[in-house]
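Each residue takes its place number in the sequence, starting with 1.
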Amino acid sequence: GWTTAVDAYRDGITSLGDSNRRRTGELRMSEARTLEDRLTDNEGALAAYTAVLALDARQPDAVRGALRTAARVGRWDAVASALVNATSADGEVDEQLIGLVEADAEAHAGWDALTLAVEAATQASTGLTPVARAYLEGRVAAWHRDHRGDDVAARAALERTRASEPGHLERLTQLTQ
């Protein structure tokens with residue numbers, strides 16, 4: 001069955017070792033998809049998607065898979081990590097990813113945990129461009145305000161956006177509200 005297929009993927013990954021990162025990534029993606037779609041093992045799928053992202057943080061199917069499965073199991077730290085690392089690797093924010101993350105937070109009652117996790121991951125990241133950092137902090141500010149009712153945290157996040165991207169009119173306007 002499907003468990004045998006997952007075992008075969010894992011055996012293939014083990015036999016490859018570090019010799020072929022591309023093939024390892026392909027096998028991990030097959031493992032992740034099988035765990036998610038056939039065995040409904042979201043924790044296992046998340047681990048496999050995370051392993052793919054360790055090889056290539058920009059792999060779009062792995063990013064989306066990690067976001068999906070992490071949200072299902074309430075691992076908002078993993079959601080934040082996948083989002084921020086993909087943004088850092090791409091050098092820009094993917095609006096579709098933001099939309100997926102927001103939809104998952106709504107569907108899984110994860111606004112508090114998501115907001116705090118993305119805030120922490122954004123602040124800890126050293127690879128974000130100033131524009132991407134400012135954008136993510138701006139989203140965090142909106143989530144604090146709109147979904148957590150925390151105006152103090154929202155204002156602090158907006159201050160960080162201003163520091164990342166000085167003179168941005170929209171953020172300055174938000175600060176005065």
Side-chain angles (χ1 to χ4, degrees), residues 1-137 139-140 143:
W2 293 111
T3 304
T4 303
V6 169
D7 290 340
Y9 294 135
R10 290 175 178 163
D11 288 344
I13 292 162
T14 300
S15 70
L16 281 173
D18 292 332
S19 66
N20 189 333
R21 290 172 55 93
R22 184 188 59 75
R23 185 68 184 134
T24 297
E26 291 168 356
L27 289 172
R28 283 279 184 218
M29 279 301 297
S30 295
E31 174 192 3
R33 288 180 177 130
T34 302
L35 288 165
E36 180 182 7
D37 299 335
R38 301 296 181 180
L39 297 173
T40 321
D41 177 358
N42 289 306
E43 287 280 358
L46 174 59
Y49 286 128
T50 301
V52 173
L53 293 175
L55 298 170
D56 180 4
R58 298 173 64 177
Q59 210 293 355
D61 293 332
V63 172
R64 284 167 173 70
L67 294 176
R68 229 181 7 258
T69 55
R72 287 180 192 147
V73 298
R75 288 281 316 280
W76 299 102
D77 60 318
V79 170
S81 179
L83 175 66
V84 172
N85 289 341
T87 302
S88 182
D90 288 341
E92 62 187 20
V93 175
D94 181 335
E95 286 287 340
Q96 288 183 336
L97 289 184
I98 296 292
L100 291 173
V101 167
E102 291 177 337
D104 284 340
E106 192 66 35
H108 301 287
W111 282 112
D112 279 352
L114 171 70
T115 302
L116 297 174
V118 172
E119 183 172 49
T122 299
Q123 289 178 28
S125 177
T126 58
L128 290 169
T129 66
V131 171
R133 179 179 302 283
Y135 182 89
L136 289 174
E137 290 284 13
R139 297 305 311 149
V140 165
W143 299 340

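- Minimum heavy-atom separation, T115 to W143: OG1-CB, 3.3 Å.
- When all heavy atoms of W76 and A71 are compared, the closest pair comes out as CH2-CB, 3.7 Å.
- R33 CZ to L39 CG: the interatomic distance, rounded to the nearest 0.5 Å, is 15.0 Å.
- Looking only at side-chain heavy atoms (C-beta outward), V131 and V93 stay at 4.5 Å or farther from each other.
- There is no side-chain donor-acceptor pair under 3.5 Å between W111 and E102.
- Between the D56 side chain and the R58 main chain, a donor and an acceptor come within less than 3.5 Å of each other.
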(request) Start with the C-alpha distance between L27 and R23, add both sets of side-chain angles, then the distance that settles side-chain contact (heavy atoms from CB on, under 4.5 Å), and finish with yes or no. (result) CA-CA 6 Å; L27 289 172; R23 185 68 184 134; 3.5 Å; yes

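- A heavy-atom distance below 4.5 Å is found between the side chains of D94 and R64.
- Within the model, atoms CG of N85 and CG of L128 stand 8.5 Å from one another, a figure rounded to the nearest 0.5 Å.
- Between L97 and V63, some side-chain heavy-atom pair lies under the 4.5 Å cut-off.
- Between D77 and R75 there is a salt bridge, since a side-chain N of the basic residue sits under 4.0 Å from a carboxylate O of the acidic one.
- Nearest heavy-atom pair across L53 and A82 is CD1-CB, 4.1 Å.
- The closest side-chain heavy-atom distance from D41 to E36 is not below 4.5 Å.
- The backbone N or O of A121 lies less than 3.5 Å from no partner atom in the side chain of S125, so there is not a single donor-acceptor pair.
- Nearest heavy-atom pair, A45 versus T69, reported as atom, atom and distance to 0.1 Å: CB-CG2, 3.9 Å.
- L46 is listed as a side-chain neighbour of T50, based on a closest heavy-atom distance under 4.5 Å.
- Between Y9 and E26 there is no side-chain heavy-atom pair separated by less than 4.5 Å.
- Going from atom CE of M29 over to atom OG1 of T34 covers 10.0 Å, rounded to the nearest 0.5 Å.
- In this structure, L114 CG and E119 CD are separated by 11.0 Å, a value rounded to the nearest 0.5 Å.
- Side-chain atoms of R133 come within 3.5 Å of backbone N or O of T122 as a donor-acceptor pair.
- Listed here is the closest heavy atom pair of A70 and V79: CB-CG2, 3.5 Å.
- In terms of heavy atoms, V52 sits closest to A62 at CG1-CB, 3.5 Å.
- With rounding to the nearest 0.5 Å, the separation of CG in D61 from OH in Y49 is 8.0 Å.
- Annotation: side chain of Q59 is not in contact with side chain of R28 (no heavy-atom distance under 4.5 Å).
- Residues V101 and R139 form no side-chain contact, since every pair of their non-hydrogen atoms from C-beta on lies 4.5 Å or further apart.
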(request) For D18 and T24, run side-chain contact (heavy atoms from CB on, under 4.5 Å): C-alpha distance rounded to whole Å, both residues' side-chain angles, the deciding distance at 0.1 Å, then the answer. (result) CA-CA 8 Å; D18 292 332; T24 297; over 6 Å; no

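- Remark: Y135 OH to I98 CD1 distance equals 5.5 Å, nearest 0.5 Å.
- No donor-acceptor pair closer than 3.5 Å links the side chain of S88 to the backbone N or O of V84.
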